[in-house]
Structures are given as structure tokens and as C-alpha cells.
Amino acid sequence: MLEVEVQVNHPSGLHARPAARFVEEAKRFAADIRLCVGERSVDAKSILGVLSLGVRHGTLVRLTASGPDAAAALEALARLVETGLGEGT
Amino acid sequence: MSGQERVIPAAAMAPGIGIGTVWICREEPLGAGPAGPAGDWQAEWDRFLQARDRALEWVAALKDRLAREGHAEEAALFDAHRLLLEDSALLDPVRERLQAGCSAEQAVAAVVDELAAVFAAMDDEYFRERAADLRDVGRHLQRALTGDKAALPAEGGPWVVVARDVAPSDVAALDLRRTAGLILQEAGPLSHAVIVAKARGLPAVRVDSLREQLAAEPGWPVIVDGTAGRVIVHPDPATVAEYRRRAQAHEDRQARWRAVAAAAARTPDGQQVSVTANIAGLEEALEALAGGADGIGLFRTEFLYMNRSRLPSEDEQVDTYRRVLAAARGRPVVFRTLDFGADKPIPALETAPEPNPALGWRGIRFCMDRVDVFRTQLRALLQAAGGDPLSVMFPMVSLPEEVRRARALLEEVRRELAQEGRQVPETVRVGIMVETPAAALAVDQFAPLVDFFSLGTNDLVQYALGVDRANARVAHLYQAYHPGVLRLVAQCVERALAASRPACVCGEMAGDPRGAVFLLGLGVREFSVVPGAVGQTKELISTIAAAQAREAAQRALAAPDAAAAMAVLESYTVP
């Protein structure tokens, strides 16, 4: 299992639109991907799961992945989260 | 006159005026469906999946419609709806309930309720509003299951839709030719329903109680004023005529201001004037800059610190400041350093309440005591600017010594960052907010210490008059055009300009057409106003020559009282 830690840079955190972008990106991969904050961990391909974490701007999140394209998945998702999920600038 | 007219106060949610007939949205109690066909959960699951697919088609159609109308951002909201309809965290519990013998309608209602409760309990407003999205998806599923159409106007009109709350997808589905406005009982400013209403130009208000206050019945004539925040039930014909005129004027003005905002402002006699925006949030900054503001004249940095339990990190601040600078594309951005005070407490700072917060530990006074907090902000600002110029201003200054110390700290931090090998601006433009009457009258003594002044007229007026405008008992004494206030502002601007320092005005006076005429007449050439007033202010400037404004200002200064001064200034503004 691979793991990476990133900071959420979208100004309003992982709420509706950014969360949707994140989940759609996760769904492009076959790997089993999880999004974790502290002790809580959810399926990164579930919008309900991702929203229920209530991740705000600046939060440090952990992404874990296992499966064939795990490395590529983590790289793509980490970049997406760090660059503010395609919004803002 | 019919004599039945009643005016009901309401909260303005989306600007504009709508005149129409009451359309009451039928409340749809979720889960009223029939009991499940016992034993055959597979058939019920298939029925559910078919309904789900229909709901997916609807969501896609709504998204297309908003995108076609040019609202790409709002259209993207429906991506979340689609993902919800595909989410196993929603589908799995539904299936479990079907297996336990529920009908599809009951299962959807129960699961949506359960999941929505999780969001409703969250402490961040953004996430709480997501409960509404989930309920919206639940409603789609119910409608698809029962074959019901949405309870929205499909013919006749124009209608004013009255509802306890309304789903964003309902607002997106409203036929603009048939819908004049919205009256809601439950809708936050961050709710997607309101965001979509604003984007589509649908006026909307919120009332406290539909039943008691509105007592509206289907077919009653009603006016929604989403600009002023009021509802008029059974309006007299004269009122309707007046509001029709206002609605038309509102549309004309909006179109004109949008066009004017895009260009630079210049008086008829060729004086260049900059009109920037006051902002208190990243999204607001991006909107203002996209809408034609000449920059950000007042960036209230407090929003970064509020509604959270920990202070924002240096990196987080760098990131936010950098985004705004990037969006400004070289247009000036003036960052006001943390204006903390007991009247807008920041939980993360854990300070005690004060008996007199307006005169207490706030602004630069606080920052120079909590240097740890201030230093982090200054480091972030300098790093965000990198090699580009940076403008900062300090709030609530009353003594030159405060400016000296703050500047020294700024320089110390700049050198520290340079030593760490980071790119920092060569020069930083430093200004102060002029908010205390003492500073206003002594700006010449501050002039050698600063590059510019920014008049925060709201606090200046409050301190000059000794009136708290938020206190209902004395609010009527708050007169921004009191002769004493006008003289104070005039002397301040005069002394600043005599010392060759620009005097920007970022208080409400700058955004009020009368105040703008007065300030222009005093020689102010930098106005910073709420984002929505940029176009209006630019238009005003394009209609009044500097010489004429000077005359207006002199006459206002000679006026015996506030009412007379306002009347004089009003006569110089565009009707």
C-alpha cells in the first residue's frame, strides 16, 4: 500500500465542487484509494464519504492506495489537491 | 386603491425586483410511498435503479441548461449531484433496506434522512449546506419513482415561487419567462439555491415565517424586492406601477454599470480616477477583479482567521495572498493587516471580552502586542509578493510611534526572509488606515512615515460622532454628512495631499454617490468600494467634472446640517 500526505489548498476546502472534482479524478483509477484525516478514513471514490470528512482549507490529509495503478493515482490526486482543485486562479 | 396592500420585511438574498402571482411549491413529504411488495426485493431494486437512471438524466439536463445560459460554475454544482446518485455509500444502504422489506420510496427517504443528518450536524456552514444537496437528490429519486413532475410552474405566469426551501435543481429548472422571483423561508446565503438564483438573475428574499407573515395564498399578487429585502402582498396598482418602473430601472442600471465597470474611470475634464474594491474573501476578490475593479483597495485579511479553531499557517496565508495577486494581474492590491478587535473576535486567539471593544485592544495595537501572530502574517505577505511590489496598510493607528514600530518589524522580517534565501520585494508601499479623528487631523505628522493614507470613513464617522451605528437606540444619530464629519474628512484629505501623499477612501462614503461627489471635490482620486458599487462609482465619475465636484464639496461644507449637505451633493449626482 502506498501513502502520501498533502495539504488541501482549495479556499473553501473539499466541499461540493472541489469534492466532486476529487472524486471524479479518483474514479479514473482502478486502485483502491482512501482519504484519511486523523483517525477517520473514507473511500476516495465516494462523494458522500469525502464530504462527510468536512475537510477545510489548509487541512493535512493522507491518501493511501493499493492496486495496479496506485502510484499514478496518488500522484494525480496529490497534485490536484495541492493545486487547489482547478479553481481559484 | 384596493387597500389590502401589506409590506413584509425580508432578508435580501438575490437582487432585483419580481412582480407576479403567488405559486406555492407543494411540500413533498419524503417517504410517503406505498409499502414494499413483500418478498420481491429484486424487483424493487430494479425499479429503484430505473428511477436512479432517470434522475441522472434530469441532473445532466439541468447542468446543460445552466451551461448553455453561460453559468459554467453553477452548472458544475450538479456534478456533485451526479456523483451522489452513483455513490455506493448511498446505493448500498438503499439496497439493504429493500432487502429488509422496505419500498424504494421508504428506503430512499430513510437513507437520505440519515445521511443528511450527518451534514446538518457539521460545524462548518459550507458543509451544513450540503445536506440540502443530498435532500435535493432524494427529491429527484422520489419524483422519478412516483412519476411526479416537479411542483414548479409550467404554464401561465409570471409567478413568484413561494417555498419553505427550494432545491438548487428546482431553481435551475425554473422557466425564466414564467418566474419573477422567489420567496423562501429557509435559505442561507451560501446555499446553492441562492447561488443559482443570483446567477440566473432571479430576485429572491427570505422571510421568517411564510404562514404568519406572508399569509400568501395561491393566486395572490405579490412583489419581491430582492434588492431592498421586502415582500409586498396585494400591492395597490400604484405600487405595482412604481415597482415596474424600478424593475426596469434596475435592469437598465445593471447593464450600464457592467459596461462602465470594464473601462478606466475619468472625469469629463480628464482626471483619471481609480475605483478599486473592498473585499473580505478570496471568491469575492476574484469576482471583483473579473467585474472590472481597478484593483483591491482594501483586502480585509481577517477572514483567514475567523470561524476556525487554529490560526492560519504561514503557508496557507501565502497561498491565499498569492492567488489574489495572480488574479489582479498587476493591478494594485492593498492588504490591510489583521484588524482584530473584541467586536469581531477570533476564537483561535482566545482573548477576553472587553467593556468597550471599539476603543480597545484592536488593529495595530493588538498586532504589536501579539508579534508572533503579526510576524507570521508579514512573512506571508512578503513571500506572496515575491519579487513584485507589495502594498500593506495598518489599521487603527493613533500614534506615529505605532507606525515606526510596525515598519521596523516589517523591515526586520523582510531581511530575515532575504537571509533565508527567499525572494522578497525590494520596496514595500506602507500606508495607514485613518480611522481615529486624532490621526485624521494630524496626517501631516504621519506623512513622513507612510506612502499613502486610506480613510476608513465608517470608523472615522463613528468615533467623530461617538455613535455606534449598530445600536438601534442611537443609530439615528449616525450622520455621515454631519458638518463636523465633513470638515474632519476635508481637513484630512487636504493635509494628506499637501504632504504629497495619496488619500484613498475605502469607507462607505466612497461608495455612496453623494459621498463620492464630495470626496472627488476634495481631490480624492482613489476610491475603494464594495464590489457591487464599482460600476456605479465609475459611471458617476464620468459624469462630473473635477471643477464641478469642487464646487459641490465647498457648498456641502457650508451646509448647516447633514440633510442640507446631502441635498446639495445629491443634486450633482446622476438621477
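Letters go in sequence order (proteins before strands), and every chain restarts at 1. It should be emphasised that the depicted structure is a prediction, and the values quoted were computed from it without experimental measurement.
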Asker: Under a 4.5 Å heavy-atom cut-off, does chain B meet the side chain of A:Val50, its backbone, both or neither?
Answerer: neither
Asker: For a salt bridge (charged side-chain N to carboxylate O under 4.0 Å, His left out) check, start with the C-alpha distance between B:Arg82 and A:Glu24, then their side-chain angles and the critical distance, and finish with the verdict.
Answerer: CA-CA 10 Å; B:Arg82 177 171 50 75; A:Glu24 290 199 83; 2.8 Å; yes
Asker: Measure the spacing between CZ of A:Arg56 and CD of B:Glu316 and express it to the nearest 0.5 Å.
Answerer: 11.0 Å
Asker: Would you say B:Gln423 has more than 12 foreign heavy atoms packed within less than 6.0 Å of its CD?
Answerer: no
Asker: Measuring only between side-chain heavy atoms, which start at C-beta, is A:Phe22 closer than 4.5 Å to B:Leu83?
Answerer: no
Asker: With distance as the sole test, does B:Asp79 use its side chain to make a donor-acceptor pair with the main-chain N or O of A:Ala20 at under 3.5 Å?
Answerer: no
Asker: Indicate the atoms forming the closest heavy-atom contact of A:His57 with B:Thr320, along with that distance.
Answerer: CE1-OG1, 3.6 Å
Asker: Of the backbone (N, CA, C, O) and the side chain (C-beta and beyond), which part of B:Leu90 lies under 4.5 Å from a heavy atom of chain A, both, or neither?
Answerer: both
Asker: For B:Leu84 and A:Leu48, which heavy atoms make the closest approach, and how far apart are they?
Answerer: CD2-CG, 3.6 Å
Asker: Which heavy-atom pair separates A:Gln7 from B:Ser313 by the least distance, and what is that distance?
Answerer: NE2-OG, 4.3 Å
Asker: How close do A:Leu51 and B:Met122 get, counting heavy atoms only, and between which atoms?
Answerer: O-CE, 3.6 Å
